[in-house]
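What follows is a short report on a single structure.
What you see is a predicted model; the values in this text were computed from it and never measured.
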Amino acid sequence: MGWEIMMAGGRRAGGEIARALLILALGYGAAAHAATLCDAGSYGAKADGTTKDTLALQRAIDDCAGKGGGTVRLARGTFLTGPIVLKSHITLQIDSGATLLGSQDRADYPQTREMREDAIQSLISATNAQDISIRGGGTIDGAGQPWWAEVYAHKDSPDYVAAKRPRLIFFDHSKQILIEGVTIQNSASWQVTLYYSGDVNIRNAKILAPEHSPNTDGVDPFSSHHVAISHVTIDVGDDNVAIKSGQPGSPGPDDPSTDISVTDCTFLHGHGMSIGSEVSGGVENVHVARMHFKGTANGVRVKSNRDRGSDIGHLDFRDVTMEDVATPVLITEYYPHIPDHDSAQPVTRLTPHFHDISITNLSATGAKTAGFIVGLPESPITSIILSNVHISAEKGMTISNATVTAHDFAVKAAGGAPFIMVERASVQQK
């Protein structure tokens, strides 16, 4: 195709990135082993919504993998299950009319280690695997409602953080992954997590959870590479997409997340297209294009803090429309709160450094606050380019410790100034 993506700061991301995205567009899956079909019903799965089919599903996966790979098919009905583990060269095919439903029995979810911390085993996972597909017209439902209720009942307790609830789909140090056509919904915690994984294609899917469900991020690439997310509708209770790379206070080392493409998606409820806040390994080369946001809390959201940052740059956002998004642009090195006053602190390994960010062809209406572009005194945000960006909001945009270069950048504020310039802030119109 000869793809050549223009990244932030005018740098062209051709060559390796373009070839990787082309490979992703072709898709993955157990095509070479498609002749091996392991129907879940043949292994004893009842699909009646009440009998636990965990052992039958795992037998089907293990048998199919033992034959060199193939397709594990869920043809019809509701397959109630605890955690299952996918293997290399396996396609999990969930047909229209079939639902893989997570058990609500806590005893079905063993304690484990995920992402270098104690956790509860995810409903679907794979570790050190390759060539895996999850596809079809069916549904994966995490049935997370009881977990959400306990979070709200114990919201100040550390026992109810995201890691203490099962994630829905978790790939750990795996590669050549395709998720296509399915509806993924109602995870107790993050819905699709990619941890130190690569060559991932998520397309033509839906990822759903109620608006106020806690920590139900849609897709979280964490220290992952060559990820393409396209034609996906995400309507959730937290970040629609959150690109991450290292926990707060991490001693390191942490790998960056790199070469990630999010295109042609619709984001409804959720906290937006996020990078961060946990980015102690850094994030490089992110391309976001042809996006529609409606009713999200944020649009473009790049966030970090002094205890969880690194080098964050070459981020390109373009051709974006937003309706009733509360804050269309939120780029901040303070998370979760921007203080009224602050002074410079010593620069450390975890100090965030935001640079080479471009936003092109963005139109937002019905916003509450146009946005924030706020750097740290010891690490100002540099090289931000806003081109053909038009935002209508109740309040204007705050800029602090940041240098913005603008081409046809306009904020229409219903009340007050369109731009609130704080310390060491500048907008250079060209």
Side-chain angles (χ1 to χ4, degrees), residues 3-18 21 221 227-230 240-243 256-265 267 272-276 279 282-293 298-304 309-322 325 327-333 352-364 367 370-375 379-391 397-411 418-419 425-430:
W3 289 4
E4 197 169 42
I5 299 169
M6 179 72 76
M7 302 301 288
R11 190 168 64 89
R12 291 189 182 276
E16 180 184 353
I17 298 172
L21 293 177
V227 177
I229 303 166
S230 63
N240 300 75
V241 170
I243 301 171
S257 281
T258 64
D259 304 327
I260 295 175
S261 166
V262 184
T263 58
D264 302 291
C265 294
F267 289 175
M273 176 61 235
S274 298
I275 296 172
V279 283
V283 177
E284 286 283 335
N285 296 342
V286 176
H287 177 68
V288 179
R290 300 179 302 279
M291 304 286 291
H292 181 65
F293 296 71
N298 306 281
V300 173
R301 190 185 196 204
V302 185
K303 51 178 178 167
S304 188
S310 187
D311 191 80
I312 315 298
H314 303 116
L315 316 177
D316 178 46
F317 305 86
R318 60 181 58 239
D319 302 327
V320 177
T321 59
M322 300 183 186
V325 172
T327 307
V329 176
L330 178 56
I331 300 173
T332 175
E333 294 179 336
H353 174 215
F354 292 0
H355 63 93
D356 293 297
I357 301 171
S358 71
I359 303 175
T360 306
N361 302 335
L362 182 149
S363 175
F372 297 86
I373 300 176
V374 178
S379 182
I381 301 173
T382 59
S383 305
I384 291 188
I385 300 174
L386 304 183
S387 301
N388 191 26
V389 172
H390 301 132
I391 301 174
M397 177 174 286
T398 298
I399 301 175
S400 177
N401 289 304
T403 299
V404 177
T405 300
H407 308 267
D408 190 17
F409 170 38
V411 172
F419 299 104
S426 70
V427 176
Q428 302 170 358
Q429 294 277 1
K430 296 202 175 174

Side-chain contact test, heavy atoms from C-beta onward, threshold under 4.5 Å: evaluate it for [X] versus [Y] and give yes or no.
{"X": "Glu284", "Y": "Pro256", "result": "no"}
{"X": "Thr360", "Y": "His407", "result": "no"}
{"X": "Val283", "Y": "Ile312", "result": "yes"}
{"X": "Leu330", "Y": "Lys303", "result": "no"}
{"X": "Met273", "Y": "Phe293", "result": "yes"}
{"X": "Leu362", "Y": "Val300", "result": "yes"}
{"X": "Ile229", "Y": "Cys265", "result": "yes"}

Please report the closest heavy-atom contact between [X] and [Y], naming both atoms and the distance.
{"X": "Gly276", "Y": "Ala242", "value": "O-CB, 4.1 Å"}
{"X": "Ser257", "Y": "Ile243", "value": "CB-CG2, 3.6 Å"}
{"X": "Val374", "Y": "Thr398", "value": "CG2-O, 4.2 Å"}
{"X": "Val325", "Y": "Gly299", "value": "CG1-N, 3.6 Å"}
{"X": "Ile399", "Y": "Ala425", "value": "O-CB, 3.2 Å"}
{"X": "Ser310", "Y": "Val279", "value": "CB-O, 3.3 Å"}

| field | NZ/NE/NH1/NH2 to OD/OE distance under 4.0 Å, Asp319 and Arg290 | value | no
| said: Please determine whether side-chain contact (heavy atoms from CB on, under 4.5 Å) holds for the pair Val262 and Phe267, giving the CA-CA distance in whole Å, both sets of side-chain angles, and the decisive distance to 0.1 Å. | reply: CA-CA 11 Å; Val262 184; Phe267 289 175; 4.2 Å; yes
| request: Please report the C-alpha distance between Asp408 and His390 in whole Å, then the side-chain angles of each, then the deciding distance to 0.1 Å, and finally whether the side-chain contact (heavy atoms from CB on, under 4.5 Å) criterion is met. | output: CA-CA 8 Å; Asp408 190 17; His390 301 132; 3.0 Å; yes
| Between Thr321 and His292, does any side-chain donor sit less than 3.5 Å from a side-chain acceptor? |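 Thr321 vs His292: donor-acceptor pair found between side chains.
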| side-chain contact (heavy atoms from CB on, under 4.5 Å) between His314 and His355, worked out | CA-CA 7 Å; His314 303 116; His355 63 93; 4.0 Å; yes
| said: Using modelled atom types and a 3.5 Å cut-off, is there a donor and acceptor pairing between side-chain atoms of Glu333 and backbone atoms of Phe354? | reply: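 Looks like yes, one N/O pair under 3.5 Å.
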| Heavy-atom donor-acceptor pair, Ser379 side chain to Pro352 backbone, under 3.5 Å | yes
| query | When rounded to the nearest 0.5 angstrom, what is the spacing between CD1 in Ile381 and OG1 in Thr332? | reply |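 That separation rounds to 7.0 Å.
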| From CD1 (Ile359) to CG (Leu315), nearest 0.5 Å |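 Rounded to the nearest 0.5 Å, the CD1-CG separation comes to 9.5 Å.
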